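Worksheet: the structure to be examined is printed underneath.
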Amino acid sequence: MDTKIVRLGEGNTDEEALREAGEILKAGGLVAFPTETVYGLGGDALNPDSSRKIYAAKGRPSDNPLIVHLWRTEDLHRVAQTVPESAIRLAEAFWPGPLTMILPKSDLVPKETTGGLDTVAVRLPSHPGARKMIEFAGGFVAAPSANLSGRPSPTSAKYVVEDMNGRIEMILDGGEVGIGLESTIIDLTVEPPQILRPGFITGEMLSEVLGKVENDVTLFSVAGGQAPRAPGMKYRHYAPKGNLVIVQGEKENVVAYVNERLRKAKENGIKTGVIAATDTAAEYDGDVVKTIGDRRDEEVIARRLYGILREFDDENVEEMYSESFGDESGARGGLGQAIMNRLLKAAGHQVIRA
Ligand code: TXA
Ligand code: MG
């Protein structure tokens, strides 16, 4: 299949391209498009064939449900069987934006879209191009991240092209995304509501609206082999091809430990890589050392993480070490939990204390 690639201009509201994308979606085709979090791989959420095509294009297991994207809040009751008060309050506070809610699904949404579940994930993105496209597509666009299954989510159109060229009808290029990590997922079908995936909208922000919220126990630990409640979180996601280990501890200890491991790897002819903050990057002897940003600037770290993991793949790095970023406890209230959750998954939860 020939994939049409269109660069969205200034403001990402190129009406002609978005209208064409909408037509492709209505006709059952697939279009990759930018959102404020990561690029999505869109299909008509109400068309079971479109959902099947999405799974095929991604090489994704079909028990992994898709998120239904809306362009206006009014449509929430069409895809959800019941809309609790809590959902309305969250929509008022955080939509349009990087928050996905899990609700009981309505009959309008086919099981192919929800991976066989009776619940549906719904989000209303803030990206202006995404919203226009969803409107032109008829209002309901199912979209997982636009990567091949198992690869990091794409934060720039060039990564979408790498993974999806020839597999889908169209790619809308909106440059680099703003956030770089996928939306926060909150399950409103349980009491208290549970965070199934941490993101830009933090637990603290959610509890200001909802009161008590809990984390799914699998977010930061392997938790005795329990399966995550968001089916997609169980796969070894976001993972680079080589082996990644997170090293925690005092700066000097981390640098000394990692350099020792790098030396050993090099002796064995293994290509090494390091993810480091600005202040320590120059101290590492890895073959490829990536500076992810100032350790206090979590928004920059979040935006760069997936791109760096992909660059390691491009450079065939086999053994990688990462400093620890973000604050898992979320005590600083920022993106720390989301960064740490993705980094832990990329490392298959291998963490060493130096
Ligand atoms: O930021 C985002 O959410 C991006 C952009 C494109 O909007 N989308 C995204 O979709 O990250 P995806 O498919 O890569 O991740 C969706 C996650 C998966 O882990 C899936 O298992 C979970 O949401 N999910 C979807 N429906 C669910 C449901 N009914 N119950 C529990 N988890 C669900
Ligand atoms: Mg994904």
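When a ligand or atom number is given, it counts from 1 through the structure's own listing order. None of these values were measured; they are calculated from a predicted model.
Near T119, meaning under 4.0 Å from any of its heavy atoms, are these atoms of ligand 1: 28 (C), 29 (N), 30 (N). Of all atoms in ligand 1, numbered sequentially from 1 with element shown, those under 4.0 Å from a heavy atom of N64 are 18 (C), 20 (C), 21 (O). Ligand-side atoms of ligand 1 in range of L117: 28 (C), 29 (N), 30 (N), range being under 4.0 angstrom from any heavy atom. Residue E182 approaches ligand 1 through these ligand atoms, each under 4.0 Å from one of its heavy atoms: 1 (O), 2 (C), 11 (O). Remark: ligand 1 atoms within the under-4.0 Å shell around heavy atoms of A121 are 25 (C), 26 (N), 27 (C).
Of the options A143, P104, P65, the smallest heavy-atom separation from atom 24 (N) of ligand 1 is shown by P65. When G40, P154, P34 are checked for heavy-atom proximity to atom 6 (C) of ligand 1, G40 turns out nearest. The option from S183, G42, G199 that lies nearest to atom 2 (C) of ligand 1, judged by heavy atoms, is S183.
Through direct or relayed side-chain contacts under 4.5 Å between Ile, Leu, Val, Met, Phe, Trp and Tyr, Y159 connects to no other residue. Applying the 4.5 Å side-chain rule to ILVMFWY residues, one finds V245, V247, V254, Y257, V258, L262, V274, Y284, V289, Y321, I352 in the same cluster as V255.
By the criterion of a heavy-atom distance under 4.0 Å, the side chain of I67, and not its backbone, is placed next to ligand 1. The part of I185 lying near ligand 1 is the side chain, judged by heavy-atom distances below 4.0 Å. Counting heavy atoms closer than 4.0 Å to ligand 1, residue T114 contributes nothing at all. Residue contacts with ligand 1 for H69 involve side-chain atoms from C-beta outward but no N, CA, C or O (heavy atoms, distance under 4.0 Å). Only the side chain of R60 comes within contact range of ligand 1, with a heavy atom under 4.0 Å; no backbone atom does.
The two residues T291 and A277 make their nearest non-hydrogen contact at CG2-C, 4.2 Å.
Heavy atoms of other residues, nucleotides or ligands lying less than 6.0 angstrom from NZ of K4 number 12 at most. Counting heavy-atom neighbours within 6.0 Å of E176 CD, excluding the residue itself, gives a total of 12 or less. The 12-atom threshold is not exceeded at CG of D2, counting heavy atoms of other residues, nucleotides or ligands nearer than 6.0 Å.
Here's the thing with Y39: none of its N/O atoms is less than 3.5 angstrom from an N/O atom of ligand 1. Ligand 1 has no nitrogen or oxygen under 3.5 angstrom from a nitrogen or oxygen of T35.
V160 has its side chain out of reach of P34: every pair of non-hydrogen atoms, C-beta onward, lies at least 4.5 Å apart. With a 4.5 Å cut-off on side-chain heavy atoms, L206 and L99 count as touching.
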Stepwise salt bridge (charged side-chain N to carboxylate O under 4.0 Å, His left out) check, E112 with R52:
CA-CA 7 Å; E112 283 78 1; R52 279 188 216 107; 3.3 Å; yes

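Here S145 reaches the Mg ion (ligand 2): one of its N/O/S atoms is less than 2.8 Å from the metal.
Checking S183 against R197 by side-chain atom types alone, a donor-acceptor pair falls below 3.5 Å.
Judged by the 6.0 Å and 45° rule, K58 forms no cation-pi pair with Y55.
R197 counts as a contact of ligand 1, since one of its heavy atoms falls under 4.0 Å from the ligand.
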